[in-house]
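Have a look at the structure below, then the notes.
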Amino acid sequence: DGGITQSPKYLFRKEGQNVTLSCEQNLNHDAMYWYRQDPGQGLRLIYYSQIVNDFQKGDIAEGYSVSREKKESFPLTVTSAQKNPTAFYLCASRRGLKETQYFGPGTRLLVL
Amino acid sequence: DQQVKQNSPSLSVQEGRISILNCDYTNSMFDYFLWYKKYPAEGPTFLISISSIKDKNEDGRFTVFLNKSAKHLSLHIVPSQPGDSAVYFCAASSQSGGGADGLTFGKGTHLIIQP
């Protein structure tokens, strides 16, 4: 059963703590993306990666970091430098640059 | 500066009628447009897309129209069904530029289908 999985569904972060959100896909897609959604807002691009070991900043990369060591995996770390981390985080992937992006189910991050 | 705008935060339509959701864009480099449907606490689901070389694309009850000169696109749902109640996002990208960047999204329109 192919798809994009994100874990955990809910994540709590304490002040000053780094947390990592997982995104895995078994669709053999080359490109992967991280978006953030705030209430009443559209999705905004954080980071994206077209190939393994390469990634680019999106519109709101400050306070976040990523890695792409495997084609299937694109974890996002929310660092303590991100002052407003509470949001719904969505991972997406697509096979080629001219293909449609498909999304995972999302992770909601809350600050304690 | 919002490059993709959905000016109606919500829209209420009677079941069986046509739902028309609108989207405007400002970036002339956009040449590929998509509509996604989203339920609360879930990821967006792809509905339909259109390339700038076309002005219409149809898939079942869903039709997207593109007016390049007006930088406007719309999604028509006919007939509207209760399961269509969700938030609809318009998104755009520049494929001629390689399509490497992610999508640019509007803020969404909450469609409510009334029985």
Side-chain angles (χ1 to χ4, degrees), chain A residues 3-11 21 23 25 27 30-51 54-61 66 74 76 87-110, chain B residues 1-10 21 23-27 30-54 57 59 62 64 86-110:
Chain A
I4 304 170
T5 57
Q6 291 186 241
S7 61
K9 191 167 179 65
Y10 296 95
L11 186 58
L21 286 63
C23 177
Q25 53 97 1
L27 301 166
D30 292 309
M32 297 186 74
Y33 303 81
W34 274 105
Y35 293 87
R36 166 183 173 141
Q37 186 192 14
D38 294 282
Q41 301 292 319
L43 282 66
R44 291 182 292 166
L45 182 66
I46 304 173
Y47 267 99
Y48 62 98
S49 168
Q50 296 180 59
I51 56 173
D54 183 62
F55 47 83
Q56 306 294 328
K57 291 182 179 180
D59 300 320
I60 54 167
V66 293
F74 191 39
L76 174 75
F88 190 51
Y89 290 87
L90 288 154
C91 178
S93 71
R94 63 175 171 176
R95 183 167 50 198
L97 294 178
K98 294 186 184 292
E99 305 266 348
T100 298
Q101 284 190 30
Y102 293 94
F103 284 83
T107 292
R108 182 162 300 280
L109 176 62
L110 299 164
Chain B
D1 60 334
Q2 238 186 309
Q3 298 187 66
V4 177
K5 298 178 185 178
Q6 294 178 257
N7 291 320
S8 298
S10 66
L21 294 91
C23 178
D24 297 294
Y25 62 96
T26 57
N27 189 338
F30 289 149
D31 55 11
Y32 186 64
F33 305 90
L34 308 91
W35 285 94
Y36 286 88
K37 175 182 180 180
K38 187 180 181 299
Y39 294 115
E42 293 185 12
T45 302
F46 170 72
L47 274 178
I48 192 168
S49 62
I50 188 166
S51 165
S52 60
I53 61 173
K54 295 185 173 182
N57 190 25
D59 184 0
F62 302 94
V64 56
V87 177
Y88 289 78
F89 288 99
C90 172
S93 72
S94 171
Q95 291 201 335
S96 58
D101 296 350
L103 298 170
T104 301
F105 282 83
K107 292 187 176 183
T109 296
H110 185 193

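Numbers restart at 1 for each chain; the letters A, B, ... are given by sequence-line order, proteins then strands.
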Pick one of side chain, backbone, both or neither for B:Leu103, based on which atoms fall under 4.5 Å of a heavy atom in chain A.
both

Test item: B:Tyr36 and A:Gln101 side chains (from C-beta on) under 4.5 Å apart, heavy atoms
yes

If contact means a heavy atom pair closer than 4.5 Å, which residues of residues 43-50 of chain B contact chain A?
B:Gly43, B:Pro44, B:Phe46

Portion of A:Leu43 that has a non-hydrogen atom of chain B nearer than 4.5 angstrom:
both

Any pair with a residue in residues 39-49 of chain A that passes salt bridge (Lys or Arg N to Asp or Glu O under 4.0 Å), sequence neighbours left out, goes on the list, sorted by first then second residue, please.
A:Asp38-A:Arg44

What residue, out of B:Gly108, B:Ala41, B:Pro9, B:Cys90, has the most heavy-atom pairs lying under 4.5 Å from chain A?
B:Ala41

The interface call for A:Gln41 against chain B, heavy-atom contacts under 4.5 Å, is both

Under 4.5 Å heavy-atom distance to chain B, tell me which part of A:Gln37 shows up: side chain, backbone, both or neither.
side chain

Is there a side-chain contact between B:Lys38 and A:Leu90, using heavy atoms and a 4.5 Å cut-off?
yes

Chain B contact via A:Tyr35 - side chain, backbone, both or neither, heavy atoms under 4.5 Å:
side chain

